[in-house]
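Because the structure is a prediction, the values reported are computed rather than measured.
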2 protein chains.
Amino acid sequence: MGEIFTPGAFEESGGGPLYLQLHRLIAEAIASGQLKPGDSLPSERELAVMTGLSRVTVRKGVAELVSSGQLVQRRGSGTFVAPKVEKLEQALSLLTSFTEDMERRGRNVESRWIARGLHAPAPEEVMALGLGAGERVARLERVRSSDGVPLAIERASLSQRILPDPEQVTDSLYAMLESRGQRPVRAVQRISAANLNAKDAELLDVAPGVAGLRIERISYLPSGKVVEFTRSLYRGDAYDFAVELKLAPDGERNPQ
Amino acid sequence: MGEIFTPGAFEESGGGPLYLQLHRLIAEAIASGQLKPGDSLPSERELAVMTGLSRVTVRKGVAELVSSGQLVQRRGSGTFVAPKVEKLEQALSLLTSFTEDMERRGRNVESRWIARGLHAPAPEEVMALGLGAGERVARLERVRSSDGVPLAIERASLSQRILPDPEQVTDSLYAMLESRGQRPVRAVQRISAANLNAKDAELLDVAPGVAGLRIERISYLPSGKVVEFTRSLYRGDAYDFAVELKLAPDGERNPQ
DNA sequence: GAATACCAATTGTAAAGACATTTCTTGAAT
DNA sequence: ATTCAAGAAATGTCTTTACAATTGGTATTC
């Protein structure tokens, strides 16, 4: 590995700011397989000596790779190439719960509760759930993992009428709802991307700033009543959502 | 605005590293509306004096807000609160082109070509398009904007058989395909999140590292033949994908 | 009035040094 | 053998200083 970070490697490296050259050098070493997942990089001070840069500049070059999830730093230990997470693919357009989804592909599911209880609703929850005055909201917040790797943060809100006692939910919320005859049959999801903040990044065991998939879901009973309003954050490197598209009917394509 | 960044504000600010306290202070000022989109922040040197920090520390505190897209820095000019981009919502499950999608909501579409031509295919393209030996691939790469705001980078690959002359495509690829009787009727999309690299971030006019939605789409003719393989990057702050979910049939839910 | 040149202000890059905090290994004591 | 403590090593935080590159306004000149 020693030959990657020689001062000479910079001359051929295309110019630009020094920290970007270092960034490029490391990124290419990872892409080309010279550095494999789990490999450790030289310490920052060693890198500084090897490349002839100051430690501050080395840190800046490394920082971007950390915040994009390609490197992992552990204080007192070192800097390592991030372990590769195999992407899971979820079929959109089928309304399934996380638990069901994972079981279908034969993976184990772990849940860690962050919070569970009845609260006064936030304005957003009043809107989404169509709550009446004085009605309280049941909040279920947990980290979903599979094989020890945290994959998503799930924050579900339900009307107290639907779920009077949040403590009863232990495993699958949908299984629980089904047993009470209130399983949703339809849902609308909105998907966008966002940088994870420090708190959420820690829950998902990645560096702050890494890209995550943000999903908002509102699910409905056959009657049209809203059942749940869930905001989830998925690790961008661990999840793929797949969806099949069909041609829009001619009438819808050009409405004017 | 002067009262936001007094040294005293730090004492009440919850502790932790100084750059995080500054980060929090600014983030909260934006969230609470004390700082509105377009507002300018004091210069880094002024901030350093006001808060009693060094400029390096101020820069570190500000940097995270820049890389998550909340602030915008312009060298020689200053640091500003990022203008709010209204989120566009695209209905998934309908196969439409960007052009059609924007026209339907009455917005204008601008395209800037990055590249357009015939190339030797990458392994990924051979896989996706089912190319034969020696076959070449037509690549269309452009930045899609609306009202002057870049929204997405679109990188489409088509077999040479489908599109012998890429230069013919000027506006809508789908319109072009339709005129040749090769409009796709079905497509499969995969959606994930990723941090934008320096090159893509510049094309989309955001800071590197900002979260983007990455979408891979493979579309098919009625015959089942693959038409196009497109990789797009959408600005995470500008786009929402909406999809409606339906309950899976009982047989599919627990296949064992 | 318009174009140009200059200058001040602002962010961008980089170095060197200092100390704090955490981790991991090593050696000693039990 | 096990436990515990010490210390080395690594990243994390922060300061001070210097210069480069870009921007935007101002004064000057034509």
Ion pair check, A:Glu154 and A:Arg231, cut-off under 4.0 Å: no

A:Tyr234 ring center near A:Phe241 ring center (under 6.0 Å): yes

salt_bridge(A:Glu141, A:Arg116) N-O dist < 4.0 Å: no

Atom pair CZ (A:Arg112) and CD1 (A:Ile153), whose distance is rounded to the nearest 0.5 Å: 9.5 Å

Within 45° cone and under 6.0 Å: B:Arg74 NZ/CZ vs B:Phe80 ring: yes

Exam field: side chain B:Thr51 to backbone B:Leu47, donor-acceptor pair closer than 3.5 Å: yes

Nearest-nucleotide 5' precedence on DNA chain C, A:Val56 against B:Arg55: B:Arg55

Stretch residues 198-208 of chain B: residues that reach within less than 4.0 Å of DNA chain D through a heavy atom: none

Nucleotide range of DNA chain D lying under 4.0 Å from chain B heavy atoms: D:dT13 to D:dT23

Taking every non-hydrogen atom, the tightest pair across A:Ser192 and B:Gly236: CB-O, 4.3 Å

Check: A:Ser111/A:Arg144 side-chain N/O donor and acceptor closer than 3.5 Å: yes

Outermost nucleotides of DNA chain C that come under 4.0 Å of a non-hydrogen atom of chain A: C:dT13 to C:dT23

Sugar-phosphate, base or nothing in reach of A:Arg74, heavy atoms under 4.0 Å: sugar-phosphate

Neighbour count above 12 (heavy atom, 6.0 Å) for A:Glu202 CD: no

A:Arg107 with A:Asp147: basic N within carboxylate O range, under 4.0 Å: yes

